[in-house]
Protein chains: 2
Amino acid sequence: MRSSQVTIKDIARILGISPSTVSRALKNHPDISEETKVAVNELALKLKYQPNAVALSLKHSRSNTIGVIIPEIVHYFFSSVISGIEDVAYEAGFTVIICQSNEKYDREVANAKMLLSHRVDGVLVSISKETTNFDHLVMLQEGGLPLVFFDRIVPEIIADQVIINDEEAAYKATKHLIENGRRRIAHFAGPQNLLIGRDRKEGYLRAIREAGLQADPQLIIDADTYEKALIATNHLLTMDNPPDGIFATNDLTAIGAMQSLQKKGIKIPQQIAVVGFSDGRFSGITEPNLTSVDQHGYEMGSVATEILLNRLLSPSETYVPQTRVLSANLIVRGSSK
Amino acid sequence: MRSSQVTIKDIARILGISPSTVSRALKNHPDISEETKVAVNELALKLKYQPNAVALSLKHSRSNTIGVIIPEIVHYFFSSVISGIEDVAYEAGFTVIICQSNEKYDREVANAKMLLSHRVDGVLVSISKETTNFDHLVMLQEGGLPLVFFDRIVPEIIADQVIINDEEAAYKATKHLIENGRRRIAHFAGPQNLLIGRDRKEGYLRAIREAGLQADPQLIIDADTYEKALIATNHLLTMDNPPDGIFATNDLTAIGAMQSLQKKGIKIPQQIAVVGFSDGRFSGITEPNLTSVDQHGYEMGSVATEILLNRLLSPSETYVPQTRVLSANLIVRGSSK
DNA sequence: TTGAAAGCGCTAACAT
DNA sequence: ATGTTAGCGCTTTCAA
């Protein structure tokens with residue numbers, strides 16, 4: 001095992017020339033004779049020489065690697081974001097190191113240190129549900145790493161951001177329910193320390209108020225997981241005055257709601273309409289199909305990466321952070337009409 | 001921007017001592033005086049010193065990094081595998097570089113070269129649907145990198161493998177349909193250049209034969225994507241003698257089948273029963289719920305990583321590749337009974 | 001046209 | 001108890 005890999009020195013030794021000549025020949029330096037170039041390149045091919053990226057990173061203080069800190073890979077939205085990141089990075093010859101925080105603050109901090117230690121050139125971040133202190137991210141910036149936030153951004157930190165307009169999307173979703181005659185609309189809210197959680201709730205409230213409806217605090221329930229949604233739905237059904245619509249902060253909770261409702265024999269959408277958020281593979285699969293906000297994961301990943309690579313490849317003196325807001329459209333399906 | 005990061009030299013210069021003393025102090029070397037240790041560690045903390053993993057990799061010819069080559073992240077199965085990989089690697093202080101082949105041979109080759117170039121210590125691989133030539137993977141082995149295959153393995157290459165018993169699982173799934181009275185069972189087959197595709201078909205055929213049923217080639221259709229499943233299902237329904245059961249090579253095709261059937265007013269499972277493969281988030285969401293083989297993605301990822309790390313951390317002279325077969329159980333739900 | 005030497009950050013054998 | 005030196009693989013300035 002561990003038969004060490006071919007280096008420039010090996011090629012130099014075999015050919016009886018110096019390492020620097022080999023290096024130059026490999027990058028087609030004009031000074032090198034055609035003869036030498038051919039010999040070097042042929043041998044390199046034969047020995048399956050692969051440049052040592054580690055040595056290059058050390059030499060250039062540039063790793064051609066970007067880091068990603070993401071809550072959990074096993075969500076369709078996040079895995080599509082990664083897919084977008086990967087594709088753009090691959091095209092540009094960049095390597096991607098992906099770290100999951102698993103929604104844990106401590107692990108997110110460890111991830112940040114690890115990326116700093118690996119001297120990645122920049123980092124894409126979507127913070128965990130637990131994160132309320134951002135020193136570890138500031139540390140990255142202080143280390144000279146450009147940061148690009150996506151989806152779960154940190155307004156307190158000055159950096160590039162890629163988001164959808166969560167407030168607007170939530171507003172549209174709620175308004176859609178109202179326009180379909182719903183008057184008591186419940187909201188399954190996400191964590192309020194995340195901006196997306198607050199924004200979605202805000203949008204919901206704006207639509208309610210604008211329609212002259214009463215915002216009932218009892219109808220706003222913290223429920224951002226499938227399990228919590230099951231409980232929350234059953235709770236809603238015990239009320240004297242149960243809701244006639246539910247706007248959930250993500251698709252999984254919307255589906256939890258649908259299943260609880262159907263188990264109790266409630267008709268969707270006739271008795272209670274349901275709308276989700278973050279259109280994934282699920283929405284077309286439920287019966288009825290789920291109305292949901294399309295969150296454009298792949299596009300978010302690719303745009304965020306383009307912004308980051310742009311910072312890396314053409315650094316400007318005047319750093320003006322940009323915020324890209326992707327349009328989020330409501331896809332209306334059977335669960336709400 | 002690009003304010004370079006703190007190094008051991010910086011600390012040495014500030015403290016007026018040599019870099020090697022700093023290095024030793026940081027790793028709590030017994031020779032170093034308590035006084036110096038305290039001074040060094042305090043300053044390191046204050047300056048937020050993070051060891052340069054790149055320099056360490058070069059020095060030790062060991063990157064503490066493992067590579068992963070995976071077809072597509074945006075599949076629940078693969079993303080749960082990654083989750084298992086990540087968790088085990090994280091615990092052991094290893095970094096993970098994930099590459100997607102996007103089911104393309106060329107990109108898989110590029111991924112392999114990239115990982116070799118980055119001098120990862122070992123690689124976890126699940127090959128693409130297109131891959132029939134394995135030189136790029138042999139190249140990794142020749143470069144001294146231990147390989148561990150999972151799910152989509154390559155029997156031609158001598159290496160560790162983690163799989164479920166696909167043949168057995170497919171047999172069980174088909175037998176289950178037969179025991180429920182089905183006599184004409186269709187199979188949506190995966191790519192036959194993948195062993196898992198062949199094995200699943202084999203298991204299907206064995207169950208059919210064992211029950212004394214006729215294997216009808218017309219009932220075996222290449223369909224491994226959602227779209228293909230829609231077409232295949234409609235095709236089946238045009239037959240004079242349509243099937244009364246479908247065993248699909250994955251859940252997405254099973255769901256495609258269910259939706260096509262329901263659109264035509266066919267009752268599931270009364271008229272046609274459906275069984276999928278690779279139990280994911282979907283199975284509990286369809287109506288009726290989907291009977292499926294649980295593929296244990298997370299476990300597959302964690303076991304594969306443990307095997308790889310074991311090879312790395314305690315290399316033995318006698319290399320005996322192991323094959324770990326995880327038990328795969330059929331989860332029976334409403335779509336088939 | 002090619003080679004020698006220095007250095008990226010760190011460690012470890014070898015001084016002192 | 002601490003410093004000096006060499007080297008991991010590669011590039012690049014300077015010298016020949």
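Each chain gets a letter, A, B and so on, in the order the sequences are listed, and its residues count up from 1.
- The shortest distance between side-chain heavy atoms of A:Pro146 and A:Leu312 falls below 4.5 Å.
- Taking only side-chain nitrogens and oxygens, B:Tyr49 never comes nearer than 4.0 Å to OP1 or OP2 of C:dG9.
- Looking at residues two or more places apart in sequence or on another chain, you find a side-chain hydrogen bond (donor to acceptor under 3.5 Å, both in side chains) between B:Asn102 and A:Asp87.
- Counting only heavy atoms from C-beta outward, the side chains of B:Val68 and B:Ile97 never approach each other to under 4.5 Å.
- Taking each heavy atom of B:Ala89 and B:Ile66 in turn, the nearest pair found is CB-CD1, 4.2 Å.
- Taken residue by residue, residues 30-37 of chain A places heavy atoms nearer than 4.0 Å to DNA chain C at A:Asp31, A:Ile32, A:Ser33, A:Thr36.
- Side-chain contact annotation: B:Ser33 with B:Thr36, donor-acceptor N/O pair under 3.5 Å present.
- Note on residues 145-158 of chain B: pairs passing salt bridge (charged side-chain N to carboxylate O under 4.0 Å, His left out), not counting sequence neighbours, are B:Glu103-B:Arg152.
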Contact list (N/O, under 3.5 angstrom) for nucleotides 12-16 of chain C vs protein:
from	atom 1	to	atom 2	distance (Å)
C:dA13	N6	B:Arg24	NH1	3.3

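- Nearest heavy-atom pair, A:Ala159 versus A:Gln141, reported as atom, atom and distance to 0.1 Å: CB-NE2, 3.7 Å.
- Nearest approach of A:Gln50 to B:Arg119, heavy atoms of both residues: O-NH2, 3.2 Å.
- Other residues, nucleotides and ligands contribute over 12 non-hydrogen atoms within 6.0 Å of the CG atom of A:Leu47.
- Within the structure, the ring pair (Phe, Tyr, Trp, His ring centres under 6.0 Å) test picks out the following pairs touching residues 68-106 of chain A (sequence neighbours left out): A:Tyr105-A:His136.
- Among pairs with a residue in residues 123-135 of chain B, those fulfilling side chain to side chain donor-acceptor pair (under 3.5 Å) read B:Glu108-B:Thr131, B:Ser128-B:Thr131, B:Lys129-B:Asp224, at least two apart in sequence or across chains.
- Looking at residues two or more places apart in sequence or on another chain, you find a salt bridge (charged side-chain N to carboxylate O under 4.0 Å, His left out) between B:Asp160 and B:Arg311.
- Comparing the end axes of the helix from C:dT1-D:dA16 to C:dT16-D:dA1, each fitted to five base pairs by superposing C1' atoms of four pairs onto the next four, gives an inter-axis angle of 60° (nearest 10 degrees).
- Summarising the geometry, the separation between CD on B:Gln50 and C1' on C:dC10 is reported as 15 Å, rounded to the nearest angstrom.
- For B:Ser63, the side-chain hydrogen bond (donor to acceptor under 3.5 Å, both in side chains) partners are B:Asp121, not counting sequence neighbours.
- The stretch residues 7-15 of chain B touches DNA chain C through B:Thr7, B:Ile8, B:Lys9, each having a heavy atom within less than 4.0 Å of the strand.
- For the residue pair B:His118/A:Thr95, the side-chain donor-acceptor check at 3.5 Å is satisfied.
- When the C1' atom of C:dT11 is taken as reference, atom NE2 of B:His29 falls 11 Å away, rounded to whole Å.
- Here side chain to side chain donor-acceptor pair (under 3.5 Å) pairs that include residues 37-48 of chain A, with residues two or more places apart or in two chains, are A:Asn28-A:Lys37, A:Lys48-B:Glu142.
- Here chain A contacts DNA chain D (any atom closer than 4.0 Å to a heavy atom, that is under 4.0 Å), and the contacts span D:dC8 to D:dT13 from 5' to 3'.
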